[in-house]
Amino acid sequence: MHWLADLLAAIGVVLNGIPQGIMAMALGFAIFPTMFSFIFASAVNGAFGAVAPLSFQAESLALTGNLGRNLRERTSIILGGSVIMLLIGVTGTLTKIVDILGNNIMAGMMAGVGIMLAKIALGMAKQERLTGWLSVALATATYLITKDLVWTIVISVVGSSLAAVFIEHYRAELPEHVTARRFVFTKPMLSVRVVRGALSLACLNIGANISYGLITGQMTGIKPNPVNLNLLTITQSIADMGTSLLGGAPVEAIISATASAPEPVVAGIMMMLIMAAILAIGWLPKLGKYVPSASIAGFLFILGTAVIFPENAATAMQGSGATVAAITLVVTAVADPFAGLMTGAVLKFVLPLLGLGV
């Protein structure tokens with residue numbers, strides 16, 4: 001009966017990913033090319049026996065949507081970020097970057113991302129008051145009771161969407177390119193905003209790949225940790241590189257419950273193929289017509305304030321590097337992950353040269 005446990009774990013992660021897929025559609029990303037990212041990642045995991053799957057990730061979607069003003073800017077940011085991550089993965093420098101900067105600064109950056117997500121969530125709630133604030137309220141109540149992110153996202157998204165449909169008579173018409181069942185080349189662009197966004201996305205993915213990837217590996221109970229961070233980074237970057245040129249959404253490392261299944265590799269592949277099938281059949285666009293973008297606000301708020309921020313802030317504030325990490329946290333929250341990480345690096349390495357210490 002291992003296959004049933006694997007399937008149930010896969011379905012649970014799919015349920016968590018669907019609302020974030022709807023968020024991707026709300027940002028204008030095309031669904032059809034994104035399907036092939038899931039197929040590609042499942043093939044790689046099957047070939048190498050990798051336990052860490054890829055899926056829609058709220059953090060990267062929120063950051064990309066916040067930094068890019070339109071689809072072309074957003075896909076260009078994803079392309080630039082994926083090129084950077086591919087170089088990091090191929091050269092095997094992912095863990096070296098963390099070793100150089102230190103856990104404090106990386107944790108400070110991730111904690112700042114948590115605050116960014118909370119700010120984005122509250123901004124959504126202010127724009128769509130009924131849907132957004134109800135989503136935040138439902139997510140907060142559900143998480144306080146269950147401490148379960150799957151229940152949190154399902155109840156907050158479904159509850160706030162039902163309210164929008166039946167009270168405000170919400171029904172959105174998605175842009176044609178989002179639901180088109182064909183490839184449409186999206187020409188990349190280069191600008192200061194795109195470069196800043198690509199660097200910020202790469203900084204976020206450095207932290208996410210290490211933390212989410214290793215947590216997923218720990219959930220398998222296998223020692224040593226079975227996750228190959230370089231393979232995870234290369235897979236994610238190639239998938240994003242291809243889909244970004246066709247207007248598709250990014251798929252990134254996640255904390256996946258499939259790792260706790262009896263056959264974690266099989267469960268992860270099941271999850272990605274189920275998600276690909278949902279995109280291929282066209283179920284996600286049909287659901288997206290009745291799900292406002294602000295319905296994800298509650299999940300983003302809880303993800304930022306209750307999941308990402310506390311643990312990373314606690315790590316950042318430990319030891320002699322706490323002050324630099326705190327500044328990294330604040331700059332990330334106010335500006336973006338790249339600005340935060342660079343500020344932390346400058347403070348750590350330049351100030352001692354000047355005879356100053358923090």
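Hydrogens, waters and symmetry mates are skipped; everything else that's a heavy atom, side chains included, is used. Everything quoted here is computed from the prediction, not taken from an experiment.
- Take Phe32 and apply the ring-ring contact (aromatic ring centres under 6.0 Å, His included) test, not counting sequence neighbours, and it matches Phe36, Phe183.
- Ser191 meets the side-chain contact (heavy atoms from CB on, under 4.5 Å) test with Met189, Arg193, Val194; sequence neighbours excluded.
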Tell me which donor-acceptor pairs under 3.5 Å the side chains of residues 106-118 have, and how far apart each pair is, sequence neighbours excluded?
none

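- The side-chain contact (heavy atoms from CB on, under 4.5 Å) test applied to Val195 returns Leu190, Leu199, not counting sequence neighbours.
- Around the CZ atom of Phe166, the shell of radius 6.0 Å holds no more than 12 heavy atoms that belong to other residues, nucleotides or ligands.
- When atom types are taken as modelled, the side chain of Ser295 and the backbone of Val157 share no donor-acceptor pair closer than 3.5 angstrom.
- Phe29 and Phe56 have their aromatic ring centers separated by at least 6.0 angstrom.
- Distance CD1/Ile77 to CD/Glu73: 6.5 Å, rounded to 0.5 Å.
- No more than 12 heavy atoms of other residues, nucleotides or ligands shown are found within 6.0 angstrom of CG on Asn103.
- Annotation for Trp133: atom CH2 counts as buried by contact number, over 12 foreign heavy atoms lying within 6.0 Å.
- In this structure, a donor-acceptor pair under 3.5 Å is present between the side chains of Ser293 and Glu128.
- No more than 12 heavy-atom neighbours from other residues, nucleotides or ligands sit within 6.0 angstrom of CD on Glu311.
- Within 6.0 Å of NZ in Lys147 there are more than 12 heavy atoms belonging to other residues, nucleotides or ligands.
- Counted by atom type alone, Tyr212 and Glu59 present one or more donor-acceptor pairs between their side chains at under 3.5 Å.
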Show the atom names and distances, to 0.1 Å, of all donor-acceptor pairs under 3.5 Å that link a side chain in residues 255-267 to residues at least two apart or in another chain.
from	atom 1	to	atom 2	distance (Å)
Ser256	OG	Thr258	N	3.3
Ser256	OG	Thr258	OG1	2.5
Ser260	OG	Ala257	O	2.7

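- Ion pairing between Glu176 and Arg182 holds under the 4.0 Å rule for side-chain N and carboxylate O.
- With 3.5 Å as the limit, one finds a donor-acceptor pair spanning the side chains of Asn209 and Gln236.
- When only modelled atom types and interatomic distance are considered, Ser200 and Asp336 share a side-chain donor-acceptor pair under 3.5 Å.
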| Can Ile210 and Val98 be said to form a side-chain contact (heavy atoms from CB on, under 4.5 Å), step by step? | CA-CA 9 Å; Ile210 291 173; Val98 179; 2.9 Å; yes
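- Checked against Arg74 for a side-chain contact (heavy atoms from CB on, under 4.5 Å), the options Leu61, Thr64, Thr186, Leu67 give a single hit: Thr64.
- The side-chain contact (heavy atoms from CB on, under 4.5 Å) test applied to Val158 returns Val154, Leu162, not counting sequence neighbours.
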